[in-house]
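Step one of this worksheet: look at the structure below.
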Amino acid sequence: MAAPSALLGLDAHKALSQYVQTRLTDQNGLPQSSVSAIAQTKDGYLWFGTEEGLARYDGTRVTVFDTASHKELKDNLVLALRASRDGSLWVGTRSSVSRYKDGVFRPYISAASTINSIFESSDGRIWVASMNGLYVIKDGQVRLFGLRDGLPDVHIYAIAQGPDGTLWLGTDKGLVGLGDFKHKVFHTYGPAEGLPNQPVMALAMCRNGSLWLGMQSNVLHWKGSLLGSWVPPGVPKDARIGAMLADRDGAVWVGYTHNGLAVYRNGGWIRSGSHEELPSQDISSLFEDGSGHVWIGMLQNGVAELRDGIFSNLGVREGLAEDRVWSVIETQDGSMWVGTNSKGLEQITTTGAIHHFTTQNGLPAGPVYSLMEARDGSLWMGFEDGALAHFKDGHFTVFRDPKSQRGYLISIRQEATGDLLLGFHEEDGLVRFRDGSFQHYKLPGMLNVSVIASDGSIWVGADHSGITHIQGDKLTNYTTKDGLLSNFSQTLYLDRDGVLWAGTSPGGLNRIKNGRVTTYSVAQGLYGLTIGAIVEDDFGNLWMTCNKGIFRVSKKELNDYADGKIKAVHSEVYGTADGMRKAECNFGQPSAWKSRDGHLWFTTTAGIASADERRIVAQDTLSAVLVEEVLYRHAPVVVQNSSVYVHGSGDLEFRFTSPNFEMPDRLRFRYRLEGFDNDWIDIDNRRIAYYTKLPPGHYSFRVQTTVGDADWNAAAVPITIMLEPHLWQTVWFRGFCGLLLLLIFVSCYRVRIRYLMVRTQLLEKKVEERTQELQEAVRVTEAAHQALHDLAMKDGLTKLWNRRTIFEILHKEAARATRDRSPVCVLMADVDHFKVVNDLNGHMDGDSVLQEVARRITQLTRTYDAAGRYGGEEFLIILPGCSLEDGYMRAEEFRAAIANTPFVTETASLQITCSFGVAASRDLSRVERLVRDADNALYKAKRAGRNCVLSTSPEASRNPVRDQGCYVDHSPKS
């Protein structure tokens, strides 16, 4: 895993699988998932052409431009894009070309055919390749070149320009060159120049002036004469090229419309061989942005970004025997050695070759938990079953401690004497190894890790006993009683200053300096509670691993916190978004290592994750902050020359961003409105600033961004805000009004005093009488209000909610369920053979039956259920939070309560039953449909024999529910 060839380009030594990939589709912002064109304007925005309009992307948000919002765009099917040097964007569609600048689209070309490509030449001309010729735009004037102008073919697919200024065209008749712009002399290049007479579908110009041509059947490299011709390995001969790109490092990317991606670099071809590398094999566009990231537009699968993450991965895909690894070190020859879980030992040479050592080479079986290089360059390793292996001169020798309890050999250190200090994960696990013999030391706990200080003393971390410091015959033990976060010590790191850093599980980080313990946990800003490994980089940071990922903290911050200078530390967290294949780390010894080239190596559940510190420094470079929009009183206002002029006072809103495609979620913003804010306001990742009821005045809005603990970048160009006061908001007008009001107040006060003295006597006489009248009126009014409330909302006979009220309740419950994403169940109930009751027993008994049915329903309803009279002998019951299954059971309870007990009236004892229809749904956009479903289910129950519960709700078909059965009363019907 060599260092990147350039900090701003893709590492040419990586496989495609090792790049960090970000995907953008219609599921996370694009208006449609076929991306035919990509461009980046000077302000840093990326633009994507889709079949449903143009999309602008800043790394976090997508803004869509289409004909609905910008009629000047003419067409939503965007096929070509080009960002020009003046900051504008040229947009080609099926039949038009427009220019976007300063928020406005201006049409330039209305073509009779498809626009294939747009190119800006070195002199500022805009060239447009179409299926009916070559357009050129200069100084706002448009000219079309066709067959009459000497163009050998009007079907033009691609445009490129060489260092000498020659314009190259890919046409159906082959490669065409235009060297003389003034006289427009076109020349076709063919067999005489080593080129076949075939259509040229794509072009890519390298910095060295050589030209790559995408033909119908192969890829050509040409510079006046043919330099090479290929059909990349694995690509069918009839494959069609959809796009080509020559990146800044000289690699050539070829995208095929149905056969994936091929890349030529370092003298050979590599291909995207699976969906793990790319989500689609249908490539329609390729683009390299200003940071060297490659963007791949696909048909129906959006766009994918390939970039070098902070981390590179080394796993099975790259040649390791397995992904689960425990330990890693670098040896004196520059090789990296990796201890795996079940596949033995791996050596990664400086050339990138991987050598495997297994039981066939003499290794013990099982996980390699610990590694150490001795001073003589030989390698020692510890295994799960307690075996100690020694690799020297190409041979392995295995040693076993006869007194060992078969605990993991988790730690190996070498003392100044040459003796090995072994750590077994067992009681009395500290062992000295010399000349094949093992000497045990009695120590508390189950050993996990040990380190040897420069003075020869030994630090030991163990489970149950915390940390022990051994100085000769003196043992000092640190536990939770001494301030440790936990008595389970997982890892130890001794820095250059002799300070011990200990990771405990759980708890966090512990610092021991001069016998004093300082602890850091989540409350102090630490990311992880279980620290598995600690390694220090060359920039003053401690890197730590945990089960959730890797994070780094400035050691200066940690020391400042220990000294009481600051109240918290800041953790910079890394995970899959930064290139790690999986964030979870494994804990061997060592499971984190800094190699001599500055790379940091970590063991994970998906192989080795290696961080390049230099790339971290490079990523601290941030784009400028852009103020996208200013709103005054919730409406956009025009910003001219970075100034806004409005009248009055009101709410002000600023929307801003900083285009970033590596770490957009880690950006932090702060802003300040000079003239209003006393200091900067830190808003983390939010990109909007609000001000409410801002008074008139002159202000200046500034915004800055940073990432992690880096310095804030320079503020964007300030926006001057001039809120000019209205006449009534000026100081002199307010002063005049104040004086006038004072005079009026004094006059009115004197008149009012005289009037009140007279009125007081009259009012005192009436107070007592009026008070009595009011008390009586209140009593009567309250009684009338309650009666009116009952008449308006409840059914007079059953005292249940009336039809209007029960529907209002249903709409409220539907809205609540939509917010909570919970179901609502509706029951429709109908008294069976109610007409017979009325006809045989009279309407008085019928009313009694309805009242008793309502009483029994009310007894079974919960406090938040609702029941109402739907009409006649029909009732509507609302059951919030009930699924269809629960609704069935509740309906059966209601049915049984009515059917199982006779109804006793003044004239007879009646056996009354009810039929129930049940409906439930989470889609409550139309509650009437839910009621109709319940009503249909009710009539289905009637037709099924009455006295039963049934459902015809559509939810039943999407979420199948076992039929609760139809319960039919077989007693003779009245």
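It should be emphasised that the depicted structure is a prediction, and the values quoted were computed from it without experimental measurement.
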Can you find a pair of side-chain heavy atoms, one from S521 and one from L529, that are under 4.5 Å apart? yes
Y561-Y520 aromatic ring centre distance below 6.0 Å: yes
Are side-chain N/O atoms of T60 and R687 paired as donor and acceptor at under 3.5 Å? yes
Given 3.5 Å as the limit, does a donor-acceptor pair link the side chain of N361 with the main chain of T358, or not? yes
Could you tell me whether the side chains of T605 and R324 share a donor-acceptor contact shorter than 3.5 Å? no
For G366 versus F383, what's the shortest heavy-atom pair and its separation? O-CD2, 3.8 Å
Could you check D385 against R400 for salt bridge (charged side-chain N to carboxylate O under 4.0 Å, His left out), going step by step and ending with a plain yes or no? CA-CA 9 Å; D385 64 354; R400 294 187 183 274; 3.1 Å; yes
If only side-chain N and O atoms count, and only distance matters, is there a donor-acceptor pair under 3.5 Å linking N510 with T519? no
Can you list the steps and then say if D401 with H440 is a side chain to side chain donor-acceptor pair (under 3.5 Å)? CA-CA 10 Å; D401 179 5; H440 285 253; 2.5 Å; yes
I'd like to know if the side chain of D463 pairs up with that of N448 as donor and acceptor (distance under 3.5 Å, no hydrogens or angles considered). yes
Nearest heavy-atom pair of E322 and V325: which atoms, and what distance? O-CG1, 4.1 Å
For the residue pair T349 and H355, confirm or rule out a side-chain donor-acceptor distance under 3.5 Å. no
So, do H464 and M446 sit near enough that their side-chain heavy atoms are less than 4.5 Å apart? yes
Might you work through the side chain to side chain donor-acceptor pair (under 3.5 Å) test for T22 and E305, ending with a clear yes or no? CA-CA 5 Å; T22 304; E305 174 199 21; 3.2 Å; yes
Go through the steps to decide whether T545 and T491 satisfy the test side-chain contact (heavy atoms from CB on, under 4.5 Å), and finish with yes or no. CA-CA 10 Å; T545 68; T491 187; over 6 Å; no
Closest heavy-atom pair and its distance - R672, D677: NE-O, 3.5 Å
For W326, check ring-ring contact (aromatic ring centres under 6.0 Å, His included) against everything at least two apart and list the hits. Y369
Backbone N/O of F488 and side chain of S486: donor-acceptor pair under 3.5 Å: yes
Does the side chain of D435 come under 3.5 Å of the side chain of S437 through a donor N or O and an acceptor N or O? no
Taking side-chain contact (heavy atoms from CB on, under 4.5 Å) as the criterion, tell me which of L422, I452, D419 meets it with R413. I452
Nearest atoms (heavy-atom pairs only) where S571 meets G525: OG-O, 2.6 Å
Residue pair Q347 / S335, side-chain donor-acceptor N/O under 3.5 Å: yes
Sub-6.0 Å ring centroid separation between H390 and F399: no
How would you list all residue pairs meeting salt bridge (charged side-chain N to carboxylate O under 4.0 Å, His left out) that involve residues 488-511, not counting sequence neighbours? D495-K555, R496-E536
Could you check whether atom CG of N678 has more than 12 heavy atoms from other residues, nucleotides or ligands sitting under 6.0 Å from it? no
How far apart are the closest heavy atoms of P444 and S465, and which atoms are they? O-OG, 3.0 Å
Dump the intermediate steps for salt bridge (charged side-chain N to carboxylate O under 4.0 Å, His left out) on K392 and D376, then the final yes or no. CA-CA 9 Å; K392 186 174 183 179; D376 62 3; 3.5 Å; yes
Give a yes or no on whether the ring-centroid distance for W380 and F433 is below 6.0 angstrom. yes
Does the pair K442 and D428 meet the rule for a salt bridge (charged side-chain N to carboxylate O under 4.0 Å, His left out), with working shown? CA-CA 5 Å; K442 196 166 187 63; D428 301 333; 3.5 Å; yes
Do you see a donor-acceptor pair shorter than 3.5 Å between the side chains of S411 and S450? yes
Looking only at heavy atoms, what is the nearest atom pair of A374 and Q332, with distance? O-NE2, 3.8 Å
Look at the side chain of T340 and the backbone N and O of G344, then say whether any donor-acceptor pair between them is shorter than 3.5 Å. yes
So do the side chains of F424 and V431 get within less than 4.5 Å of each other, counting heavy atoms only? yes
Could you tell me if S658 and N660 have a donor-acceptor pair between their side chains, going purely by distance under 3.5 Å? no
Within a strict 4.5 Å, meaning less than it, do heavy atoms of the L526 and F551 side chains meet? yes
Is the shortest heavy-atom distance from the side chain of Q490 to the side chain of V449 under 4.5 Å? no
Any non-hydrogen side-chain atom of I329 less than 4.5 Å from a side-chain atom of V338? no
Between E346 and W337, is there a side-chain heavy-atom distance shorter than 4.5 Å? no
Indicate whether any N or O donor in one side chain lies under 3.5 Å from an N or O acceptor in the other, for H395 and D393. no
Measure the shortest side-chain to side-chain distance between L509 and M544 over non-hydrogen atoms and say whether it is less than 4.5 angstrom. yes
Within the distance-only criterion (no hydrogens, no angle test), does the side chain of N514 pair as donor or acceptor with the backbone N or O of R516 below 3.5 angstrom? no
Answer yes if the side chains of E330 and S595 hold a donor-acceptor pair under 3.5 Å, and no otherwise. no
Report the C-alpha distance between R668 and D682 in whole Å, list the side-chain angles of each, state the deciding distance to 0.1 Å, and finish with yes or no for salt bridge (charged side-chain N to carboxylate O under 4.0 Å, His left out). CA-CA 8 Å; R668 291 167 49 209; D682 193 333; 2.9 Å; yes
Testing T603, I550, T530 for side-chain contact (heavy atoms from CB on, under 4.5 Å) with C585, which one passes? I550
For S554, is there any backbone N or O sitting under 3.5 Å from a side-chain donor or acceptor partner on E557? no
Could you tell me if S591 and N586 have a donor-acceptor pair between their side chains, going purely by distance under 3.5 Å? no
Aromatic contact, F396 with F357 (centres under 6.0 Å): yes
Under 6.0 Å between ring centres: does that hold for F669 and F656? yes
Check step by step if side-chain contact (heavy atoms from CB on, under 4.5 Å) holds for H599 and K594. CA-CA 6 Å; H599 283 69; K594 184 176 77 67; over 6 Å; no
Has R686 got more than 12 heavy atoms of other residues, nucleotides or ligands less than 6.0 Å from its CZ? yes
Face-on cation placement of K403 at F438 ring, 6.0 Å and 45° thresholds: no
